[in-house]
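The figures that follow rest on heavy atoms only: side chains count, while hydrogens, waters and symmetry mates do not. Lettering of chains follows the sequences in order, A, B, ..., and the numbering in each one begins at 1.
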2 protein chains.
Amino acid sequence: MPRPLSPEILDQIAGRFRVLAEPARLRILYSLMGGERSVTELVEETGLSQANVSKHLGLLRRARFVDRRKEGLYAFYHVSDPSVETLCEIMCGRLEAQLAEQVALLEAVS
Amino acid sequence: MPRPLSPEILDQIAGRFRVLAEPARLRILYSLMGGERSVTELVEETGLSQANVSKHLGLLRRARFVDRRKEGLYAFYHVSDPSVETLCEIMCGRLEAQLAEQVALLEAVS
DNA sequence: CAACTATATAAACAGATAGTAATGTATCGA
DNA sequence: TCGATACATTACTATCTGTTTATATAGTTG
């Protein structure tokens, strides 16, 4: 039973989905799920360029998916939205279910 | 505790998020949450053009979020992925939480 | 202060995609 | 068979955005 959703709300929801709709940002989030990371550490773990990582982090932070703690020269980021992991798990679960479906179909043929 | 996610899996998850990252498609999905709809009905309810709706429905169907039942001249679509509603609710819930946070901050100032 | 490091930002380019207009395809009724 | 209807598809354009390169900012160390 969905509650009434105005076009403005749908725009905002779509915007939040869009932030997660990028492999690079999911890679960053996935690293951050292992705990707090500096930008340099994220660059190493993801293989992305420093400018690129900073830009993605800015987006993720503006969307409130992550937050930042500055310490001297470093900036440490961490996931601030507990729903991120749930969202990814749901998506991943559906992928698995669909894959299993495909396999079942193929086996039914043979 | 996230399970290990390969870059390929992350690409696929991102792709699925991208399908939901569009206000027009969320509008369509939201209509379909009210039950099965023909393309024409969706055009009326969403205010989008027929070509546009058909295109979005094609995408949603390829991503297995919706499925189609053809009956004579008509094509009836319905949500085939129960997780869609959950995903949207989580996103919507976060929006509300953040809005409440903003309000609390503003009140703390005054 | 000067050199160095970590991060952020700006400009520019390339690739992706939403929307439209036009056309195609299939089904129904006269 | 002809016209009309419902839907799908194609070609095209405009817009958006991810990436890179270069530069700016700010903290640290000598």
Side-chain angles (χ1 to χ4, degrees), chain A residues 7-8 10-32 36-80, chain B residues 7-8 10-32 35-78 80:
Chain A
E8 294 75 31
L10 287 178
D11 280 10
Q12 297 212 45
I13 296 180
R16 290 180 66 75
F17 275 124
R18 181 170 296 116
V19 175
L20 300 184
E22 193 62 28
R25 284 193 285 272
L26 290 184
R27 294 241 286 282
I28 291 172
L29 284 172
Y30 182 62
S31 282
L32 292 180
E36 199 180 51
R37 296 280 192 281
S38 70
V39 177
T40 304
E41 286 169 335
L42 288 172
V43 168
E44 288 165 357
E45 288 186 21
T46 62
L48 302 169
S49 73
Q50 179 266 316
N52 204 2
V53 168
S54 277
K55 216 173 145 186
H56 285 308
L57 285 171
L59 245 170
L60 287 166
R61 200 161 82 103
R62 253 169 277 140
R64 308 265 195 161
F65 284 119
V66 307
D67 203 356
R68 183 176 64 173
R69 174 176 70 86
K70 296 206 80 170
E71 187 177 322
L73 212 48
Y74 296 83
F76 293 99
Y77 285 82
H78 59 95
V79 178
S80 62
Chain B
E8 294 74 32
L10 288 179
D11 280 10
Q12 298 212 46
I13 295 181
R16 289 179 67 75
F17 275 124
R18 181 170 295 116
V19 176
L20 300 184
E22 193 62 28
R25 284 192 286 272
L26 290 183
R27 294 240 287 280
I28 291 173
L29 283 173
Y30 182 62
S31 282
L32 292 179
E36 199 180 50
R37 296 281 191 279
S38 71
V39 177
T40 304
E41 286 169 336
L42 288 172
V43 168
E44 289 165 357
E45 289 187 21
T46 62
L48 302 169
S49 74
Q50 179 266 318
N52 203 5
V53 168
S54 278
K55 218 173 140 185
H56 285 308
L57 285 170
L59 244 169
L60 286 166
R61 201 160 82 101
R62 253 169 278 138
R64 308 266 196 161
F65 284 119
V66 307
D67 204 356
R68 184 176 61 173
R69 175 176 70 86
K70 297 207 80 169
E71 187 177 324
L73 212 47
Y74 296 84
F76 294 99
Y77 284 82
H78 59 96
S80 61

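Checked by distance alone, B:Q50 brings a side-chain donor or acceptor within 3.5 Å of a matching partner on the base of D:dA8.
At the phosphate of D:dT20, OP1 or OP2 sits under 4.0 Å from a side-chain N or O atom of A:S49. Contact annotation: A:N52 does not reach the phosphate of D:dG18 (side-chain N/O to OP1 or OP2, under 4.0 Å). For B:Y77 and D:dA6, the shortest distance from a side-chain N or O to OP1 or OP2 is not below 4.0 Å.
Computed from coordinates, the A:L20 CG to D:dT17 C1' distance equals 16 Å when rounded to whole Å. Remark: P of D:dG30 and CG of A:L73 are 14 Å apart, rounded to the nearest angstrom. Protein atom NE2 of B:H56 is 14 Å distant from nucleotide atom C1' of D:dA8, rounded to whole Å. Across the protein-nucleic acid pair, B:L48 atom CG and D:dC7 atom P stand 15 Å apart, rounded to whole Å. Rounded to whole Å, the distance from OH on A:Y74 to C1' on D:dT28 is 10 Å. One interatomic measurement links the two molecules: CD1 of B:I28 to P of D:dA8, which rounds to 11 Å at whole-angstrom precision. We find that CZ of A:R18 is positioned 16 Å from P of D:dT15, with the value rounded to whole Å. As a whole-Å value, the separation of A:K70 NZ from D:dA26 P is 9 Å.
A donor-acceptor contact closer than 3.5 angstrom links the side chains of A:S54 and A:Q50.
In this structure, B:D67 and B:R61 approach most closely via the heavy-atom pair OD1-NH1, 3.8 Å. Taking both residues in full, the closest heavy atoms of A:A21 and B:A21 are given as CB-CB, 4.4 Å, listed atom of the first, atom of the second, then distance.
Using a 4.0 Å heavy-atom criterion, one finds that B:R61 contacts no nucleic acid atom at all. Counting any heavy atom pair closer than 4.0 Å across all strands shown, A:L42 reaches no nucleic acid atom. Base contact: B:A51 has a heavy atom under 4.0 Å from a base atom. Within 4.0 Å (heavy atoms only), B:F76 reaches no atom of the nucleic acid at all.
One distance of note links CG of A:L10 with CD of A:E8; it measures 9.0 Å at 0.5 Å rounding. Here the CZ atom belonging to A:R62 is positioned 5.0 Å from the CG atom belonging to A:L59, to the nearest 0.5 angstrom.
A 4.5 Å side-chain heavy-atom check between B:F65 and B:L20 finds at least one atom pair inside the cut-off.
Remark: A:E22 does not engage A:R27 in a salt bridge, criterion side-chain N to carboxylate O under 4.0 Å.
Here chain B contacts DNA chain C (any atom closer than 4.0 Å to a heavy atom, that is under 4.0 Å), and the contacts span C:dT17 to C:dC28 from 5' to 3'.
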